[in-house]
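Heads up: the structure comes next, in structure tokens.
Residue numbering restarts at 1 for every chain, and letters A, B, ... go by the order of the sequence lines.
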Amino acid sequence: MPELPEVESLRRILARSARGRTIVSAAVREKRLRRALGDEVADSVAGRAIVEIGRRAKYLLIELGGGMALMVHLGMSGSLTHRRDGFDPGPFDPRHDHVEFALDDGSRLVYNDPRRFGLIKLMRQAELASAAELRGLGPEPLSGDFSAEYFWRATRGRKAAVKTLLMDQRIVAGVGNIYASEILFRAGVRPTRRAGRVTRAEAGRIAAHTPAVLSEAIGGGGTTFRSYRDSRGQPGRFAKRLQVYDREGKPCVTCGAAIRQAIVGQRSSFYCPHCQK
DNA sequence: AAACATTCCTGCACGC
DNA sequence: TGCGTGCAGGAATGTT
């Protein structure tokens with residue numbers, strides 16, 4: 001679920017609902033996430049204000065008072081919900097409410113993650129830029145830094161499938177499995193194509209459609225494929241607008257040909273055999 | 001019951 | 001030969 005659009009939607013909602021609040025206390029019920037949570041996290045965040053909510057790639061960056069910051073990654077199945085009295089838990093199994101932050105207005109920020117592939121890490125704000133998770137990330141696709149020329153250069157000589165490179169966080173930050181298929185459909189390039197064989201024009205279309213698809217998805221509040229919910233517990237509305245993902249055998253929205261599925265780099269990929277070369 | 005929205009690690013092949 | 005890089009495959013895990 002959580003690729004860049006879902007994390008950005010989350011960031012925007014939290015910036016309105018939680019920024020400026022103070023964390024009164026925190027409780028860690030399960031610290032075995034992708035990496036074990038440090039024991040000091042709960043005590044260290046208590047009393048700190050939530051100053052700003054940022055994002056880099058698929059990482060949510062919560063700036064706290066006193067020069068500290070929380071780095072949050074949702075993995076495959078994570079969610080961070082802002083709950084107050086009357087919050088409908090919906091699909092959230094309370095057994096997977098692993099970390100909870102109580103805020104000064106009585107609301108709670110709850111990190112829920114059934115598969116525990118996610119990450120919560122407390123660090124000094126000054127250390128963020130050099131953090132192992134963020135160092136080495138490619139350009140942000142919505143910043144304009146992910147240009148046609150850049151992608152063209154990045155693909156030269158590469159034998160891996162173009163979809164694999166589009167999902168490589170070192171090449172461009174934030175594109176995951178769902179949006180990679182959507183971007184390549186709009187660009188008219190098959191996900192299986194060797195990256196080194198992508199033409200300059202195709203690289204240009206991919207670079208152009210990447211921010212376009214991601215922006216549209218953010219506008220729709222992200223994509224709910226199975227269980228994703230935003231911080232208010234709402235599903236994303238972009239799933240209705242997916243043109244190829246999870247549509248194997250269904251007609252292409254452009255030409256009517258049956259959408260095909262292929263495994264590329266271990267990941268399920270979808271494309272139109274007629275529109276994508 | 002096979003598949004899965006993400007990332008990290010290992011091991012092999014290749015080229016300089 | 002040795003080293004770095006690219007790439008494939010698998011692992012982590014619970015749910016549907």
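- Residue Arg158(A) is in sugar-phosphate contact alone, with no base atom involved, counting any heavy-atom pair closer than 4.0 Å across all strands shown.
- Pairs of residues two or more places apart, or lying in two chains, that qualify as side chain to side chain donor-acceptor pair (under 3.5 Å) and include a residue from residues 36-48 of chain A are Lys31(A)-Asp39(A).
- If you take CG of Asp246(A) and P of dA2(B), they are 18 Å apart, rounded to a whole angstrom.
- For Asp168(A) and dT7(B), the CG to C1' distance is 11 Å, given to the nearest whole Å.
- Take Arg115(A) and apply the salt bridge (Lys or Arg N to Asp or Glu O under 4.0 Å) test, not counting sequence neighbours, and it matches no residue.
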Check: What string of B, S and - do you get for nucleotides 9-16 of chain B, 5' to 3', when a contact is any protein heavy atom under 4.0 Å?
Finding: S-------
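- The interatomic distance linking Gln169(A) (CD) with dC8(B) (P) rounds to 9 Å, in whole Å.
- Per the geometry, CE belonging to Met167(A) stands 14 Å off C1' belonging to dC8(B), to the nearest Å.
- Residue contacts for Thr164(A): at a heavy-atom cut-off of 4.0 Å it reaches no nucleic acid atom on any strand shown.
- A donor-acceptor pair is defined here as one N or O able to donate and one able to accept, closer than 3.5 Å; such a pair exists between the side chain of Arg116(A) and the backbone of Arg32(A).
- One atom, CG of Leu4(A), and another, P of dT6(B), lie 11 Å apart when rounded to the nearest Å.
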Notebook entry, point to check: In dot-bracket form, how is DNA chain B paired, counting a Watson-Crick or G-U wobble pair only if both its distances are under 3.5 Å and using | for bases paired to another strand?
Noted result: .|||.|||||||||||
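- Surrounding CZ of Arg156(A) are more than 12 heavy atoms belonging to other residues, nucleotides or ligands, all under 6.0 Å away.
- Ring-plane geometry between Tyr59(A) and His73(A) is classed as perpendicular, the angle between the planes exceeding 60 degrees on a 0 to 90 degree scale with a lower cut at 30.
- In this structure, Val51(A) is not a member of the same hydrophobic cluster as Leu64(A), with clusters built from ILVMFWY side-chain heavy atoms closer than 4.5 Å.
- With dT6(B), dC8(B), dC7(C) as the choices, the nucleotide that has an atom nearest any side-chain atom of Ala160(A) turns out to be dC7(C).
- In this structure, Glu6(A) places its CD atom 17 Å from P of dC4(B), rounding to the nearest Å.
- In this structure, Phe146(A) and Phe151(A) have perpendicular ring planes: the angle between them is above 60°, well past the 30° mark.
- OP1 or OP2 of dT7(B) has at least one side-chain nitrogen or oxygen of His73(A) nearer than 4.0 Å.
- Side-chain contact, Thr81(A) with Arg83(A): a donor N or O sits under 3.5 Å from an acceptor N or O.
- The main-chain N or O of Arg158(A) is never found under 3.5 Å from a side-chain atom of Arg194(A) such that the two would form a donor-acceptor pair.
- Nearest heavy-atom pair across Thr164(A) and Gly265(A) is OG1-CA, 4.2 Å.
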Check: What string of B, S and - do you get for nucleotides 9-16 of chain C, 5' to 3', when a contact is any protein heavy atom under 4.0 Å?
Finding: BB-BBBS-
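- Across all non-hydrogen atoms, the minimal contact from Val172(A) to Leu166(A) is CG1-O, 3.4 Å.
- Between the NZ atom of Lys163(A) and the P atom of dC7(C) there is a distance of 15 Å, given to the nearest Å.
- Residue Ile263(A) contributes atom CD1, which lies 14 Å from atom P of dA2(B) at whole-angstrom precision.
- Pairs of residues two or more places apart, or lying in two chains, that qualify as side chain to side chain donor-acceptor pair (under 3.5 Å) and include a residue from residues 249-266 of chain A are Gln261(A)-Ser268(A).
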